[in-house]
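Order of appearance sets the numbers: ligands from 1, and atoms from 1 within every ligand. In this text, all values refer to a predicted model and were calculated from it rather than measured experimentally. As a basis for the values below, the full set of heavy atoms in this structure was taken, side chains included, without hydrogen atoms, waters or symmetry mates.
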Amino acid sequence: MHKQKRILITGGAGFLGSHLCDLLVAEGNDVICLDNFFTGTKKNIINLLEKSNFELIRHDLVQPIFIEVDEIYNLACPASPIHYQYNPVKTVKTSVMGAIHMLGLAKRVQAKILQASTSEVYGNPMVHPQKEEYWGNVNTIGPRSCYDEGKRCSETLFFDYHRQNQVNIRVVRIFNTYGPKMHPNDGRVVSNFIVQALTNQDITVFGDGSQTRSFCYVDDMVEGLVRMMKAPDDFTGPVNLGNPMEFSILELAQKIIRITQSKSKIVFNPLPQDDPLQRRPDIGLAKEKLQWQPLIELNEGLRKTVEYFDEILS
Ligand code: NAD
Ligand code: UDP
């Protein structure tokens, strides 16, 4: 008989976590969503609350928790610069103590555990595009360090628990991901520009807009996370997941104005300190090991995201 898996998703009420909950509940797993609602919201998972194979726990991952599960997706951590810089000490605690608590749980109950790491571990990269073997160029003492170094330390913890305690780990480095269920005040570039365009406010490009990012639609990302969890046990990662098409921030602003047919003007604000100037994943490893690559190109993904924001803002 097929045994129903018990799956814990920390940060499950956030943007990525709520899409992952949707998918894993639909697959018939027993899903436990854990969140402290710092940046996540109950609205993101309201459609799941009535399901018999879904449970919600309000809990802060800085504190340990004892439950029985088969798999853990560790996503709890604010991801937008304005939110992770709001209380930087707490951001480090969430990344580091959260990882220790989840790895301790995985060790005790022998669960498989996946860490949502980030392209930020590469910092302002001197190697382009970024491959997994690149060690990164990260400021240890800047305003972004609480997030970047917190995530780097959690990767270290994952590999130490793996070597020392044989914990079954998977580490994915997620590049900029966007889509429906981003919070309108999330502060990241795609949601900011779409909300600004739909409400005919100025579009706030930071710097001259020549810095680049590579944007992955959420459905592609969630598929990649699940494939990594299902991959053979000897593939720990780290593995890059992201869309290798690269765009400047100015191009992104122009695309969003075109799609929304907005009257908004582009204005140029100062570039935040340590803002990476370029970012694009090399996804060769994910293609080879997971047979994964993104299928949704930026125009299509932006249209779906605009539709979502149009609905929630009206
Ligand atoms: P998000 O801010 O929407 O989700 C994070 C969730 O974690 C929220 O629901 C928040 O309330 C919860 N959380 C924060 N601190 C917590 C704590 N101490 N205890 C319990 N819950 C806590 O962000 P997201 O985009 O969904 O990101 C999810 C994960 O993926 C994060 O770990 C992030 O670092 C990683 N990631 C995301 C991206 C991206 O582009 N979306 C890129 C790289 C990495
Ligand atoms: N950005 C911008 N305007 C905004 C928000 C962000 O020009 O209103 C820029 C930001 O400076 C960065 C890029 O868009 O160069 C991506 O920023 P985001 O906060 O989405 O993610 P990250 O910097 O972590 O990749």
Tell me the nearest of [options] to [atom], using heavy-atom distances.
| atom | options | value |
| --- | --- | --- |
| atom 19 (O) of ligand 2 | Ala253, Pro81, Pro276 | Pro81 |
| atom 4 (C) of ligand 2 | Ile249, Asp274, Thr204, Asp148 | Thr204 |
| atom 4 (O) of ligand 1 | Gly12, Ala116, Gly242, Gly14 | Gly14 |
| atom 23 (O) of ligand 2 | Arg279, Arg144, His83 | Arg144 |

Within-cut-off N or O pair, [X] and ligand 1, under 3.5 Å:
| X | result |
| --- | --- |
| Ala76 | no |
| Gly40 | yes |
| Ile174 | no |
| Arg188 | yes |
| Asn176 | no |
| Thr118 | no |
| Thr94 | yes |
| Lys90 | no |
| Phe38 | yes |
| Ser119 | no |

Looking only at the side chains, is there a donor atom on one of [X] and [Y] sitting less than 3.5 Å from an acceptor on the other?
| X | Y | answer |
| --- | --- | --- |
| Thr204 | Gln196 | yes |
| Asn176 | Arg279 | yes |
| Asn47 | Asp22 | yes |
| Ser214 | Asn243 | no |
| Thr212 | Glu246 | yes |

Which one holds for Gln211 and ligand 2: side chain close, backbone close, both close, or neither close, with close meaning a heavy atom under 4.0 Å?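 It is the side chain that gets close, since no backbone atom is under 4.0 Å.
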
Tell me the contacting part of Val189 for ligand 2: side chain, backbone, both, or neither, using a 4.0 Å heavy-atom threshold, strictly below.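 Both backbone and side chain of Val189 come within 4.0 Å of ligand 2.
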
[X] and ligand 1 - part of the residue with a heavy-atom distance under 4.0 Å:
| X | value |
| --- | --- |
| Glu120 | neither |
| Tyr178 | neither |
| His59 | backbone |
| Ser117 | backbone |

What ring-ring contact (aromatic ring centres under 6.0 Å, His included) pairs are there with at least one residue in residues 276-309, not counting sequence neighbours? none

Is the shortest distance from a heavy atom of Gln196 to ligand 2 less than 4.0 Å?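 No heavy atom of Gln196 comes that close to ligand 2.
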
Would you check if the distance from the ring center of Phe15 to the ring center of His19 is below 6.0 Å?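 Between His19 and Phe15, which both carry aromatic rings, the centre distance is below 6.0 Å.
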
Are the ring centres of Tyr178 and Tyr217 closer than 6.0 Å?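 Ring-ring flag for Tyr178/Tyr217: true, centres closer than 6.0 Å.
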
For Asp220, give me all partners under salt bridge (Lys or Arg N to Asp or Glu O under 4.0 Å), at least two apart in sequence or on another chain.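 Testing Asp220 for salt bridge (Lys or Arg N to Asp or Glu O under 4.0 Å), a comparison that skips the adjacent residues, returns none.
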
Out of curiosity, is Lys93 lining ligand 1, as in a heavy atom under 4.0 Å away? no

Determine whether any heavy atom of Thr10 lies closer than 4.0 Å to an atom of ligand 1.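 Not so, Thr10 does not reach ligand 1.
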
Using the ring of each side chain (for Trp, its six-membered ring), is Tyr147 parallel, tilted or perpendicular to Tyr84, with breaks at 30° and 60°? parallel

With the side chain counted from C-beta on, respond yes when His128 and Arg280 share a heavy-atom pair under 4.5 Å apart, and no when they do not.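 Answer yes - side chains close enough.
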
Run the salt-bridge test on [X] and [Y] with the 4.0 Å N-O cut-off and return the result as yes or no.
| X | Y | answer |
| --- | --- | --- |
| Arg108 | Glu68 | yes |
| Arg173 | Glu120 | no |
| Asp233 | Arg170 | yes |

N or O contact, Val190 vs ligand 2, cut-off under 3.5 Å: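 Among all N and O atoms of Val190, none is under 3.5 Å from an N or O of ligand 2.
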
